[in-house]
Amino acid sequence: MADKKKTKKTGEPEAPQEETKETVKEPAQEPVKEAAQEPELPQPTREQQLQEKLDAEHDAHLRLAAEYDNFRKRTQKEKDASYANGKADTIGKLLPIYDNLARALEQPTEDAAYKKGVEMTMTELEKIFAGMGVTAFGAVGETFDPNLHNAVMHTEDESLGENVIAQVFQKGFQVGDKVIRFAMVQVAN
């Protein structure tokens, strides 16, 4: 019955199929040429392996010590900066008191005890500022410095030189190199 199979389309019997074995050709092996063999590198000895491991651990230890030293220096610098910033902030909050005492001293008064009390208070405040390293700047006749002074007015005055402070409206203060408040001044020429 296998020989008389009909195809679905034509109705003609199919030709018997022969079983064929596929032969797989193996690639022809070429004769092996003796290549120059690389000399084998000597395997590291146990001592060398341990020395490399020790060196790696030593390097890691040195790196950790350097990181810790950098951390310590950075935190010390931040601590110093926070102290300086806190000090500058505190002094900045006391400056309006200084300004009010300075204005009170400029006002004429007939009460000698009152005037003496204001003078004593101002003297104590100036001592405290001096003890904290605070210096005042911005006096008439100084040369104008835009890093320290804030020029709010300009005047033409032949008797004063160029870029000279003609009038001071508010004194400036600094701690070290840090300016707490710029001096408010009038500049000539």
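Computed from a prediction, not measured in an experiment: that's the story for all the values here.
Side-chain heavy atoms closer than 4.5 Å link hydrophobic residues (I, L, V, M, F, W, Y) into clusters, and following such links, possibly through other members, connects V134 to I97. Cluster annotation: V168 and V187 are assigned to the same hydrophobic cluster (Ile/Leu/Val/Met/Phe/Trp/Tyr, side-chain heavy-atom contacts under 4.5 Å, transitive). The cluster map of Ile, Leu, Val, Met, Phe, Trp and Tyr, joined by side-chain heavy atoms under 4.5 Å apart, puts L125 and F173 in the same cluster. Cluster annotation: F137 is not connected to I128 through the hydrophobic network of ILVMFWY side chains, with a link wherever side-chain heavy atoms come within less than 4.5 Å. Residues V152 and V140 do not share a hydrophobic cluster, clusters being chains of Ile/Leu/Val/Met/Phe/Trp/Tyr side chains in contact below 4.5 Å.
In summary, K127 and E124 engage in a salt bridge, as defined by a charged side-chain N under 4.0 Å from a carboxylate O. Note on D99 versus R103: no salt bridge recorded, every NZ/NE/NH1/NH2 to OD/OE distance being 4.0 Å or above. The pair D59-R63 meets the salt-bridge criterion, since a charged nitrogen lies less than 4.0 angstrom from a carboxylate oxygen.
For E156, the CD atom counts as densely surrounded, since its 6.0 Å shell holds more than 12 non-hydrogen atoms of other residues, nucleotides or ligands. For H58, the NE2 atom is loosely surrounded, since the number of other residues' heavy atoms within 6.0 Å does not exceed 12. Around the OH atom of Y114, the shell of radius 6.0 Å holds no more than 12 heavy atoms that belong to other residues, nucleotides or ligands.
With rounding to the nearest 0.5 angstrom, the OG1 atom of T90 is 9.5 Å from the CD1 atom of I180. The structure places CD of Q186 at 5.0 Å from CD of Q167, a figure rounded to the nearest 0.5 Å. How far CD of E67 is from CZ of R72: 14.5 Å, rounded to the nearest 0.5 Å. The structure places CD1 of I91 at 13.0 Å from OH of Y98, a figure rounded to the nearest 0.5 Å. L95 CG to F129 CZ: the interatomic distance, rounded to the nearest 0.5 Å, is 5.0 Å. For the atom pair CD1 (I165) and OG1 (T155), the distance works out to 13.5 Å, reported to the nearest 0.5 Å.
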(message) Please evaluate residues K77 and K73 with respect to the criterion side chain to side chain contact (heavy atoms under 4.5 Å, CB included), reporting the C-alpha separation (whole Å), side-chain torsions for both, the decisive distance (0.1 Å), and the verdict.
(response) CA-CA 6 Å; K77 189 184 291 185; K73 288 176 183 175; over 6 Å; no

(request) Determine, step by step, whether V185 and F169 satisfy the side chain to side chain contact (heavy atoms under 4.5 Å, CB included) criterion, reporting the C-alpha distance in whole Å, the side-chain angles of both residues, the deciding distance to 0.1 Å, and the verdict. (result) CA-CA 6 Å; V185 298; F169 301 112; 5.7 Å; no

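Using a 4.5 Å cut-off on side-chain heavy atoms (C-beta onward), Q51 and L54 make contact.
With hydrogens and angles ignored, the 3.5 Å screen pairs no side-chain donor or acceptor of D69 with any backbone N or O of A65. Checked by atom type and distance alone, the side chain of N189 pairs as donor or acceptor with a backbone atom of L160 at under 3.5 Å. Between the side chain of R181 and the backbone N or O of G92, no donor-acceptor pair lies under 3.5 Å. When atom types are taken as modelled, the side chain of Q48 and the backbone of T45 share a donor-acceptor pair closer than 3.5 angstrom. Checking side-chain atoms of H149 against main-chain N and O of D145 turns up a donor-acceptor pair under 3.5 Å. Within the 3.5 Å criterion, the main-chain N or O of A183 finds no donor-acceptor partner in the side chain of K171.
For S159 and D157, the side-chain atoms include at least one donor-acceptor pair closer than 3.5 Å.
Of all heavy-atom pairs spanning V175 and M132, the tightest one is CG1-O, 4.2 Å. Between L148 and Q174, the shortest heavy-atom distance links the atoms CD2-OE1, 3.5 Å.
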